[in-house]
Amino acid sequence: MIWFVIGFIILIVIIIVCLLILKGLSKEENQYMEVSDHYLKNIGKSYTREEYASWAYQTYERIISAIQNEDYYFLRDILSDEIYNHYLLNLKNAKDRNVKNIVREMKPSFQKLVSLVIKDNLEISKVWIKVSYIEYTIDLASSSDQEQELVGEKVIAGSKDKKNEKEYMLTFVKERTEKESVACPHCGYITHIISQNHCSRCGATVVNKKYHWVLVGKEEIRTNSSF
């Protein structure tokens, strides 16, 4: 009889724990509710939630690539001053140590627009992304170019084989505008200013940086690694 009571109590505890876990997962899912296309249309947007989320991931991927290729022009245009200076400092420290960080095979698992609000004269969006990639650091001073061709790069951190998986909450900000497509004053080409302030055709400046989306925050949510 005693063992029956103990078993029953254990079962009740297990059920309570499971319910608490499910409640936590449900709360997290509600916290990251996806913005509806109807809502975007009501605030004057011509793109869908899928299109914006896809743009956000592609922009993040371009940022990572620009960091490796030291494309300061693109980084200066798409990043807030704080994030730009952070990446600039990291690049300087890597050069001082004569090392380089490599990120390759980046792929998205999902991307979701979870918030887009207008506050005062600002538009603020949050995009939840999950990405997988390989990341490692190589020593640029350890050997000559000829030796690297024979034995390969010397990896001093990370792995060329380990796949990392991370989730981020990306925050973008821009000033409120009635139109997000403008005619270039130089060539007349219609440019969508969601992510750039220069003409897609001739490169001339079409709007100030503050009128297109700029990455102002990146919060890491989860991290997993596998071989």
Side-chain angles (χ1 to χ4, degrees), residues 20-43 45 47-68 71 74-91 101 103-135 158 162-177 180 193-196 209-226:
L20 289 173
I21 292 174
L22 289 173
K23 183 179 179 181
L25 292 173
S26 177
K27 182 179 180 181
E28 181 180 76
E29 184 65 25
N30 289 332
Q31 183 181 359
Y32 300 132
M33 292 294 289
E34 192 167 18
V35 174
S36 70
D37 290 338
H38 180 71
Y39 169 76
L40 293 177
K41 185 177 181 180
N42 283 344
I43 62 173
K45 302 303 179 184
Y47 44 75
T48 66
R49 59 191 180 186
E50 289 84 4
E51 289 171 338
Y52 187 91
S54 178
W55 164 82
Y57 167 75
Q58 291 170 15
T59 298
Y60 177 71
E61 189 176 35
R62 285 186 65 191
I63 289 170
I64 299 302
S65 176
I67 292 170
Q68 293 186 86
D71 184 354
F74 174 74
L75 293 174
R76 195 71 188 89
D77 191 47
I78 198 67
L79 300 176
S80 67
D81 292 343
E82 182 179 358
I83 296 182
Y84 176 78
N85 291 332
H86 170 74
Y87 281 132
L88 205 63
L89 181 61
N90 287 345
L91 286 170
N101 193 58
V103 177
R104 59 183 178 86
E105 297 183 24
M106 180 174 285
K107 296 179 180 178
S109 299
F110 69 79
Q111 54 269 328
K112 180 185 291 188
L113 174 61
V114 299
S115 174
L116 200 163
V117 298
I118 300 171
K119 187 175 182 181
D120 298 328
N121 197 38
L122 291 179
E123 297 186 23
I124 306 168
S125 73
K126 289 185 178 294
V127 180
W128 183 16
I129 67 169
K130 184 175 182 180
V131 296
S132 62
Y133 58 91
I134 291 175
E135 183 177 19
K162 180 185 291 186
K163 201 80 170 180
N164 300 295
E165 190 175 76
K166 292 188 178 182
E167 294 181 34
Y168 297 108
M169 188 64 71
L170 306 178
T171 303
F172 294 89
V173 169
K174 78 175 185 69
E175 283 204 10
R176 177 68 171 158
T177 53
E180 292 182 331
I193 60 172
I194 185 174
S195 61
Q196 59 188 6
K209 174 182 177 179
K210 65 183 180 180
Y211 291 113
H212 71 75
W213 291 103
V214 172
L215 180 68
V216 299
K218 184 183 79 169
E219 177 189 357
E220 186 174 327
I221 301 174
R222 294 190 187 88
T223 300
N224 293 302
S225 298
S226 59

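For the numbers below, each heavy atom of this structure counts, side chains included, while hydrogens, waters and symmetry mates do not. Treat the numbers as computed from the prediction; the structure is a model and nothing was measured. We count residues from 1, following the sequence as given.
Here the closest heavy-atom approach between residue Phe172 and residue Thr59 is recorded as CE2-CG2, 4.3 Å. Of all the heavy atoms in Ile134 and Lys163, the pair that sits closest is CG1-CD, 4.0 Å. The two residues Leu122 and Val173 come nearest to each other via the heavy atoms CD2-CG1, 4.1 Å.
Considering only heavy atoms from C-beta on, Gln58 stays 4.5 Å or farther from Ile63 through its side chain. For the pair Tyr133 and Glu61, the minimum side-chain heavy-atom distance is 4.5 Å or more. Leu40 has its side chain out of reach of Thr48: every pair of non-hydrogen atoms, C-beta onward, lies at least 4.5 Å apart. A 4.5 Å side-chain heavy-atom check between Ile129 and Val131 finds at least one atom pair inside the cut-off. Proximity of Val114 to Val35: side-chain heavy atoms (C-beta onward) are nowhere separated by under 4.5 Å. The side-chain heavy atoms of Glu165 and Ser109, taken from C-beta on, include a pair separated by under 4.5 Å. Taking the side chain as every heavy atom from C-beta outward, Ile78 and Val214 never approach each other to under 4.5 Å. Using a 4.5 Å heavy-atom threshold, the side chains of Met169 and Lys218 count as separate.
Cation-pi contact between Lys174 and Trp213: present, with separation from the ring centre below 6.0 Å and deviation from the ring axis of at most 45°. Relative to the six-membered ring of Phe74, Arg62 meets both conditions, a distance below 6.0 Å and an angle of at most 45° to the axis.
Between the side chain of Asn101 and the main chain of Glu135, no donor-acceptor pair closer than 3.5 Å is present. Looking at Gln68, its side chain does come within 3.5 Å of a backbone N or O of Val103 through a donor-acceptor pair. Judged by distance alone, the side chain of Ser54 and the main-chain N or O of Glu50 form no donor-acceptor pair under 3.5 Å.
Atom CD in Glu51 sits 11.5 Å away from atom CG in Leu113 (nearest 0.5 Å). The CD1 atom of Ile43 lies 4.5 Å from the CG atom of Leu116; values are rounded to the nearest 0.5 Å. With rounding to the nearest 0.5 angstrom, the CD1 atom of Ile118 is 11.5 Å from the OG atom of Ser125. The OG atom of Ser65 lies 9.5 Å from the CE atom of Met106; values are rounded to the nearest 0.5 Å. The structure places OH of Tyr84 at 11.0 Å from CG of Asp77, a figure rounded to the nearest 0.5 Å. The CG atom of Leu79 sits 10.5 Å away from atom NE2 of His86, with the distance rounded to the nearest 0.5 Å.
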For Glu167 and Trp128, what are the C-alpha separation, side-chain angles and deciding distance, and is it a side chain to side chain donor-acceptor pair (under 3.5 Å)?
CA-CA 7 Å; Glu167 294 181 34; Trp128 183 16; 3.0 Å; yes
Evaluate Thr171 against Lys126 for side chain to side chain donor-acceptor pair (under 3.5 Å), listing each step before the verdict.
CA-CA 5 Å; Thr171 303; Lys126 289 185 178 294; 2.9 Å; yes
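By the 4.0 Å N-to-carboxylate-O rule, Arg76 lies close enough to Asp81 to be salt-bridged with it.
In terms of the ring-ring contact (aromatic ring centres under 6.0 Å, His included) criterion, residue partners of Tyr168 (sequence neighbours excluded) are, by chain and number, Tyr60.
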